[in-house]
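As the structure lists them, so they are numbered: ligands from 1, and atoms in each ligand from 1. Only this structure's heavy atoms are used, side chains among them; waters, hydrogens and symmetry mates stay out. This structure is a prediction, so every number in the text was calculated from the model and none was measured.
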Amino acid sequence: MTEISQTAEWRDLTADAAALEKTSMRALFAGDPGRFDRFSLEAAGLFLDYSKNKITEDVVEHLTALAGASGLEEMRRRMFAGERINVTENRAVLHAALRDFSMRAYHVDDENISQLVRHELEKMKDFTARIVSGAHKGFSGASLDTVVNIGIGGSDLGPHMVVEALRPYWIDGRRTFFVSNVDGQHLFDTLAQIDPARTLFVIASKTFTTQETMTNAQSAREWFLNHGGKEDDVAKHFVALSTNASAVKSFGIDKNNMFEFWDWVGGRYSLWSAIGLSISLAVGFDNFEKLLRGAHAMDEHFRDAPLRQNLPVIMALTGVWNRNFMGAAAHAILPYDQHLWRLPAYLQQADMESNGKGAAIDGQPVSCSTGPIIFGEPGTNGQHAFYQLLHQGTEFISSDFIAPAISQSALGDHHEKLLANFLAQTEALMCGKTIDEVRAELAAEGKAKLEIDTLAPHKVFPGDRPSNSILMEKLTPETLGALIAAYEHKIFCQGVIWGVNSFDQWGVELGKALASSILPALGVEGEEKPEASGHDASTNGLLNRINAIRRQNR
Ligand code: F6P
């Protein structure tokens, strides 16, 4: 396999970067009145302006050629065709099949999975209707108005992010909680707010073996049995979302109370599957379906549009440009919509668990930098926290700014102010402020020369900090679906270009295994434990210290 960094396309891009070193984005804008139109595009209700990246037509052409050289189109075909492109787990990657309401059939090997998907969606629809209408009663005869989703990673971040994002669509009187952390305080604090007689526990786990989720699920079950529920009532109050029917059964949840999905749905790509049940219960199945349809519209675009006009591909390519040729180590996700407050956390898993890899798909070390650090906060909160570093720090960081033109909750002039900040930040990052501009400004304020000399260097903004702006009319189930799907495909494209398998996650295993071996060495409070010796000196020392503190707490 030719390493991507050894290709002629990579060399062209390296030369482009060198040639642009002395050119500012300001100059590129000044020299091309058509830049905004040239470097923007629209698909599935999203508008992407990528003109505030330091790119030229040549750069985009070379990036597109790089995508071609990486075999992106063939990999895209193979993914949609249900081939086992997740080679290290020998699995197909077909989350797109979960949201395809057309008559297209998807196959894994010879099995038509479209029918399985429809069957499960019907089951979710029916169950949602019974819960929301109150037809499904709990042990006391009351209907269930509270949902506690117990899951972690992809079985938490996706549904949680979407439920928060669709707050204006919440069904009146329904409450949804998400418990993920194995820290008992997460579950404890949640249980303190709910009535067992009116609660449905949704145990969400692809494998149904994840330590955090199983521990929380067992404790929730015990709490339920200690608070009025009987063994026979568990069936009315607990459902499972999983691919692992036998583990669900051993946990004590009946097959009828299990919503199934399949190994060709990756955990971090699973919110469209049964894992989305808590979304459907919060906003209704119709809105869940709209979310899926919005994602499907983006899938169709991604599948069919030429690379140069393809929104997720362009998001990926600008990312590759900034990461590999401009030197960005981090990428900020900056949603200017409070309801998207969980989006950065969701994308941290989606992106970093997918592309945070150092082994190429053929097992060789990768020949270039792969996934960047993903972080973010909703605007304008981030502005008052870490934007200082974005504007003037020594790290070079790219960003995605995301905003709806119309707010779901109009209040005074809040949205105008929010949007003004959104636009101002992208402009400030791109244009910066030169030393001459700063000096002129200070002089106009009447400052003396000495003060100008002292202050001016601190007020310079280097500019040339790249950003994409993603606009939508409103944050609706459809536009949210399209937005998430765009990011999923962006991540896929980058993985193909970097030559990694975006669909495995071996990097989470070592810590999990060590935690299991350390657990028996930790005493319960008050317990005497032998000195730890099986680990490095730091880990042994910490373990002994923790045990000593806990021993004294009799
Ligand atoms: O963090 C590792 C991981 O396997 C994720 O990929 C997954 O989303 C999460 O754990 C939860 O796994 P499960 O749904 O099987 O409980």
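Listed for the Ser242 side chain is a donor-acceptor partner under 3.5 Å among the backbone atoms of Ser205.
Shortest contact from atom 8 (O) of ligand 1 to any protein heavy atom: Gly154 N, 2.7 Å. The protein heavy atom nearest to atom 9 (C) of ligand 1 is Ile152 O, 3.7 Å.
The shortest N/O to N/O separation between Thr213 and ligand 1 does not fall below 3.5 Å.
Within ligand 1, the atoms closer than 4.0 Å to a non-hydrogen atom of Gly153 are 8 (O), numbered from 1 in the order shown.
Ion pairing between a basic and an acidic side chain is recognised when a charged N comes within 4.0 Å of a carboxylate O; Glu89 and Lys206 show no such pairing.
Note on ring orientation: taking the six-membered ring where Trp is involved, the planes of His160 and Trp341 are perpendicular (angle over 60°, cut-offs 30° and 60°).
Using 4.0 Å as the threshold, Gln349 has a heavy atom nearer than that to some atom of ligand 1.
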Could you walk me through whether Arg91 and Asp504 pass salt bridge (Lys or Arg N to Asp or Glu O under 4.0 Å), step by step?
CA-CA 10 Å; Arg91 288 176 182 163; Asp504 61 14; over 6 Å; no

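Across the listed options Glu353, Lys512, Gln505, Glu212, Glu353 owns the non-hydrogen atom lying nearest to atom 5 (C) of ligand 1.
Only the side chain of Val508 comes within 4.0 Å of ligand 1, counting heavy atoms alone; its backbone N, CA, C and O stay farther away.
Screening Val248, Leu121, Leu277 against Phe259 for a side chain to side chain contact (heavy atoms under 4.5 Å, CB included) leaves a single residue, Leu277.
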